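Following: one structure in structure tokens, then a few remarks.
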Amino acid sequence: MPTPFVIPTETGSEVAPQTLRVVLDGTAYQLALQYNARYAVWRCDIQDDAGNAIAAGLAVRNAGIPVNGAVFGRRGFPIGALLAIASAQVGIDADNSELGGRVLLTYQAQA
């Protein structure tokens with residue numbers, strides 16, 4: 001099984017919404033990450049490199065469930081899995097200061 005690719009996110013207290021450009025399986029995507037304080041969860045929107053929406057409002061949960069589970073097989077999205085992986089406190093979602101620290105957003109290519 002290939003090693004997960006860690007998607008570099010900003011971390012720290014009160015991180016502003018962030019937009020990242022990442023290349024997954026040879027294709028560029030834009031990920032928009034924003035913390036939702038009301039529900040205490042990070043949300044992820046995925047667009048192709050031209051800005052066309054692929055998925056919106058995906059919860060970045062630390063429960064072993066792929067972030068992009070609902071979009072597997074959807075046209076335009078890589079067939080691997082976006083996963084939130086914790087180094088400690090497995091099963092507890094990242095708060096506003098922990099994404100990129102205790103909890104990493106990763107991409108696992110399909111073997």
Side-chain angles (χ1 to χ4, degrees):
M1 176 178 281
T3 303
F5 165 69
V6 176
I7 296 171
T9 58
E10 293 179 32
T11 190
S13 180
E14 301 301 318
V15 175
Q18 45 192 306
T19 301
L20 313 167
R21 183 178 183 273
V22 295
V23 176
L24 307 174
D25 294 333
T27 303
Y29 297 91
Q30 295 176 41
L31 304 180
L33 297 163
Q34 183 167 355
Y35 187 73
N36 183 313
R38 181 177 187 172
Y39 295 104
V41 68
W42 281 89
R43 295 285 183 178
C44 179
D45 297 339
I46 304 168
Q47 300 175 341
D48 64 19
D49 206 30
N52 299 308
I54 295 173
L58 303 175
V60 180
R61 308 304 304 244
N62 177 17
I65 300 168
V67 172
N68 62 319
V71 295
F72 276 140
R74 184 178 289 184
R75 187 173 177 190
F77 198 80
I79 58 175
L82 284 172
L83 297 167
I85 298 178
S87 61
Q89 297 175 306
V90 175
I92 298 175
D93 294 332
D95 68 21
N96 196 32
S97 66
E98 295 179 312
L99 188 65
R102 181 183 65 84
V103 178
L104 300 176
L105 181 60
T106 68
Y107 178 74
Q108 177 70 57
Q110 188 172 2

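Note that the coordinates shown come from a computational prediction; the quantities given were computed from them, not determined experimentally.
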(request) Run through Arg61, Glu98, Gln18 and flag the one making a side chain to side chain contact (heavy atoms under 4.5 Å, CB included) with Trp42. (result) Gln18

(request) Decide yes or no on side chain to side chain contact (heavy atoms under 4.5 Å, CB included) for Leu99 and Tyr35, but give the supporting numbers first. (result) CA-CA 9 Å; Leu99 188 65; Tyr35 187 73; over 6 Å; no

(message) I need the minimum non-hydrogen distance between Leu33 and Cys44, along with the two atoms involved.
(response) CD2-CB, 3.7 Å

(request) Please name the residue in the list Thr106, Val6, Leu105 that meets the side chain to side chain contact (heavy atoms under 4.5 Å, CB included) test with Ile85. (result) Thr106

(request) Quick one: closest heavy-atom pair of Gln108 and Pro4, and the distance? (result) OE1-CG, 3.1 Å

(message) Rounded to the nearest 0.5 Å, what separates atom OG1 in Thr9 from atom CG in Leu104?
(response) 7.0 Å

(message) Going by the rule side-chain hydrogen bond (donor to acceptor under 3.5 Å, both in side chains), which residues pair with Arg21 if we only count those two or more places apart in sequence or in a different chain?
(response) Asp49

(message) Using the rule side chain to side chain contact (heavy atoms under 4.5 Å, CB included), only one of Leu31, Val23, Asp25 pairs with Tyr107; which is it?
(response) Asp25

(request) State, to 0.1 Å, how close Ala88 and Arg102 come at their nearest heavy-atom pair, and which atoms those are. (result) O-NH1, 2.9 Å

(request) With sequence neighbours excluded, tell me which residues meet salt bridge (charged side-chain N to carboxylate O under 4.0 Å, His left out) with Arg43. (result) none

(message) Starting from Ile92 and following side-chain heavy-atom contacts under 4.5 Å between hydrophobic residues (I, L, V, M, F, W, Y), which residues can be reached?
(response) none

(message) Restricting to non-hydrogen atoms, name the atom on Tyr29 and the atom on Asp48 that form the minimum distance, rounded to 0.1 Å.
(response) CD2-CA, 4.3 Å

(request) Evaluate the side-chain proximity of Val103 to Asp93: yes if any heavy-atom separation is below 4.5 Å, no if none is. (result) no

(request) Could you grab the distance from atom CG of Leu82 to atom CG of Leu58, nearest 0.5 Å is fine? (result) 8.0 Å

(message) For Ser87 versus Gly101, what's the shortest heavy-atom pair and its separation?
(response) OG-O, 4.5 Å

